[in-house]
Structures are given as C-alpha cells and as structure tokens.
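Down below is the structure, laid out as structure tokens.
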2 protein chains.
Amino acid sequence: MPDQPSKLRTRRRTETRRTIQEHAVRLFTERGYDATTVAEVAETAGMSPMTVYRHFPTKEDLVLVDEYGALVAERILAQPATQPLVRRIGNALVDSATALTGREHGEGPSVGEEFLLARLRLMISTQALRARHLDNHYVLQQAIVDALGDDTTDPDTVFRAQVAASACLAAMHTALVRWVEDDGRTELPTVIAKALAAFGADTVGVEGGDPLT
Amino acid sequence: MPDQPSKLRTRRRTETRRTIQEHAVRLFTERGYDATTVAEVAETAGMSPMTVYRHFPTKEDLVLVDEYGALVAERILAQPATQPLVRRIGNALVDSATALTGREHGEGPSVGEEFLLARLRLMISTQALRARHLDNHYVLQQAIVDALGDDTTDPDTVFRAQVAASACLAAMHTALVRWVEDDGRTELPTVIAKALAAFGADTVGVEGGDPLT
DNA sequence: CATTTCATGTTAGTTACTACCAATCTGGTA
DNA sequence: TACCAGATTGGTAGTAACTAACATGAAATG
C-alpha cells in the first residue's frame, strides 16, 4: 500500500481536475451556469460525463473549490487568545486573504486572481452557487469555533464564539461581493479589513473608528 | 373581471397549500428530506405531483416559506434613524421575532411554533434546505439595506449598511440554530437579543457590556 | 511477466422539474 | 336554469442532474 500513490498518477489527476474546472468556468461564464449542461462541459474537456462526476461530485463543485477554509483555521491558531473574539477571527480572515491573493504593491489582479474573480462572479450571480457558497461558510464557521479552542463546556462561550464567527464571515462575504463589483482593483485584504472595521465601529457607536479605515 | 377572485377560491387555494405543506413537513421529518420524493408527498396529500408543483415551484419551497422578510423590512422603517445601524437592524429583528412567535409569558411553544420548529429543524439539518435558507438571508439583506433608506449615492455608506445587515442576519441565524437546539424552550426574541448583544459587546471590547445580557 | 490497482467508459435507472394539451370545476350572467 | 370564462387539476412526454453496476485499458508493484 503506497502512501504516496505514485507521483505520476496524482499529477495527472490534479491535471485533469484543473482542465475540467477551467473549461467549466469558461463555459459557465460564456453561456451561463444554468444554460450549460455537465455533458457539454465533459465534451469540451474531451471526456465522458461520468469522468467529470468522478472528479466533482456535483455540478456546483465545478465552481466551488474551497482553498480558503484550511488557511483560515490554521491562522486562527496563530492569533493570541488575549485579543477579543472578533479581532482574532478578523485578523485570521485578513491574513488568509493576503496569503490567497498575494500580489506585489501596485500590480493589478494576477492570473490566478482573474480565475478567482471569474468563479466569484458566478457564485454571486447564480442562485444555486450562491446558496451552496453561503452554506460552505456555515461549515467554515464551525471550523473557526473549533480552532478558537475556547472552553467548549460552557454553552454560552460556544454560543458567543459562533455568533462572532458567523458575523465576521458575513462581513467578509459582503467584502467579497464588493471586491468583485470593483473587478478586484482594490486589494482584497483591504476591503475585508474595511468591512470588519465598519461593522466594528458601528457596533461601538461613534466613539472613534478603527484606524484601519 | 373580479379584482378579488372570489373569496372562496382563494380560501381553497391557501387551504390546499397548507395541506400540502403539512403533509410534506411531516413526511420529511419522518423519513428524511432526501429520502422522500415529491411524488410521495403528492400521493399522501391526495393529489397529482403536478398540482404540488403548481403550488410550490421547488421541493425546497415546501419547507421554506418566508413569513419573516416582510415583517423585518416593515419594522426597519419604524426604527429612529438616529440610532447606530446595528441597533436599528437588531431591534427590527427582535421585534419581528416577537411578532412571529407571540406567546404569553410562561407558556411553552404554541402549535404554530411547533410547526416552525419542525421546519427549522429540517432547514438546519438538510444541506439543500440550509443552503437555500441562507440564500434567502442574502435577499433579505438587500431588503433591509433598502428599508434603511440611507444615502444610496455614497458607495461607502451603502457598503457599511450591507455589512451591518449581513452581520446582524448571521448573528440571528446563529440564534435560530440555538433556539432550535433548545427545542424552543427559551423565547426566540430573547435568544436573538442575546446573540446581537454578544457580538456587539465583543466588538466593543471590554468596556461595559450591553444590559441586554 | 503477472497481478493488482486505478482511471475511464457504457448502460440503465431514479428524480426533480418543465412544457403542452385535455378535462373538470367554479362564479357569475343571460 | 342554462351557459360561458377563467381557474384548477390531471396526464404525457421530455430534459438534466445525478447513481449504481459492470467492463476495459493503463499503470504500478512484485
């Protein structure tokens, strides 16, 4: 039983995955998500529909790959537990976004970012995709709460963590939408920080906004 | 051409709607949502599948009826515009919940509330339903921003309103989950208020929590 | 080279949903 | 009462997203 099932096989595997996904996103963008069938995607990618289903369990998964979840959970752990909840979570979200869309100052969206933008455009404009994307946030929320590692015996503590996580994720999603509407011209971490600051400042009232703004 | 197409017709219409929905929720709860076909629901309700689809465009809509959206939008307008955003929205959410689950003090869940609980249990445990439910929040968010009626020319103001609305709705959703896990023993408005206070207090930091807690 | 494992293809089936047409029923009118 | 217009329902056929079961070719291991 090979722990690393032979480099060549896994390479081809991820290769075909990429191929399928790129063709899918392109077709969806051109003709619309609902108007494109999985069979058409398969044909364009030069394979049978079954193969597509083997790599992506549902049509939605052709667009919704979650590179984000693992990053966030990892960065939550890096935050000092002394900070207030929303700050720990917020920082982790901003850091993850930085890691995801790393670009040099002054540059425009990179190639990878253009792909991300295309996918997000689909996720926001298509009902089915938007719904599943928001549901992914729901499980990411659980991951964050777990990563926070606060006292899990006290239901009230858990509840507060859940509220903080869901609220932060919602703010981040709003930031994502704005980022897309701006075609990614502003840097993503900046927009997310702005969103978090906005809802933080408003919650406080008027007493001096966050310097992040 | 009768403007009010004869009371009796509309009455029967809403009647069959209720019938279908009750049978559907019961079957879904007993056998599971995915394991129950629309054809089975139709048969149980004593009608053809076509009729079910005439009354509910999708299987998901058999569970997801939104009595909440209109209430919230209406109550946003009732809030004084001097308050900070999250308070205006939060108050509207709590008030709407009160209106929705009005019960006398000391009572347990009413009949209507039991039905609501059953539907929410399905919405939370079933992927497809949970996703669509969260997506409904997404459109409710837009309704709230519109109802706030703040300066729509300044993109930053709109952005802040969107962030506040989405964060509040996320907090409310977390409250809903908790309410369901508690089988509705605590009163819903109380739980929602607690959630909003939690994320408000945490955002502020430590400087004196909200008296709502 | 033999064997086992994996990626792919084929076929047939289920189910949500749509389009279209026919039958039936209801509410009001001549 | 007889009748008409519109609304409600039913039936049939079709599309498309999946799933299960089996066969085949290529690749990795011994």
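Protein chains get the first letters and strands the later ones, always in sequence-line order, with residue 1 at the start of each.
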Subject >> Protein-nucleotide distance (R11(B), atom CZ; dT26(C), atom P), rounded to Å >> reply: 12 Å
Subject >> Rounded distance (Å) that lies between atom P of dA17(D) and atom CD of E43(A) >> reply: 14 Å
Original post:
Counting only heavy atoms not in E43(A), do more than 12 fall under 6.0 Å of its CD?
Top reply: no
Subject >> Nearest-neighbour nucleotide for the T58(B) side chain, dG11(D), dC17(C), dA21(D) considered >> reply: dC17(C)
Original post:
Just checking, any donor-acceptor pair under 3.5 angstrom between side chains of D61(B) and T58(B)?
Top reply: yes
Original post:
Any side-chain heavy atom of L117(A) within less than 4.5 Å of one from W179(A)?
Top reply: yes
**OP:** Write down the distance between CD1 (I20(B)) and C1' (dT9(D)), rounded to a whole number of angstrom.
**Re:** 11 Å
Original post:
Do any side-chain nitrogens or oxygens of R12(B) fall under 4.0 Å of OP1 or OP2 in dT8(D)?
Top reply: no
Original post:
Ion pair present between D150(A) and R88(A), side-chain N to carboxylate O less than 4.0 angstrom?
Top reply: yes
Subject >> Earlier contact from the 5' end, DNA chain D, for R54(A) and T37(A) >> reply: T37(A)
Original post:
Which nucleotide sits closest to the side chain of Y53(B): dA7(C), dC18(D), dA16(C)?
Top reply: dA16(C)
Original post:
Of all the choices, dG11(D), dC6(C), dG9(C), which nucleotide is nearest to the side chain of R9(A) once you look at every atom?
Top reply: dC6(C)
Original post:
What is the distance, rounded to the nearest whole Å, between atom NZ of K59(A) and atom C1' of dA16(D)?
Top reply: 8 Å
Original post:
How close or far is atom P of dT8(C) from atom CZ of F56(A), stated in whole angstroms?
Top reply: 11 Å
**OP:** Report which part of the nucleic acid P57(A) touches: base, sugar-phosphate, or nothing (heavy-atom distance under 4.0 Å, all strands).
**Re:** sugar-phosphate
Original post:
Please give, in whole Å, the distance from dA7(D) C1' to R13(B) CZ?
Top reply: 9 Å
Subject >> Under-4.0 Å side-chain N/O to phosphate OP1/OP2 contact, S48(A) with dG9(C) >> reply: yes
Original post:
Tell me: CZ of R17(A) to P of dC6(C), nearest whole Å?
Top reply: 18 Å
**OP:** Kindly point out which of dT9(D), dC18(D), dC17(C) is positioned nearest to the side chain of H55(B)?
**Re:** dT9(D)
Original post:
Of the nucleotides dT10(C), dA17(D), dG11(D), which has the atom closest to the V38(A) side chain?
Top reply: dA17(D)
Original post:
Is the H173(B) ring parallel, tilted or perpendicular to the H133(B) ring (thresholds 30°, 60°)?
Top reply: tilted
Subject >> Atom pair distance, as rounded to whole Å: CD in Q127(B) and P in dC18(D) >> reply: 11 Å
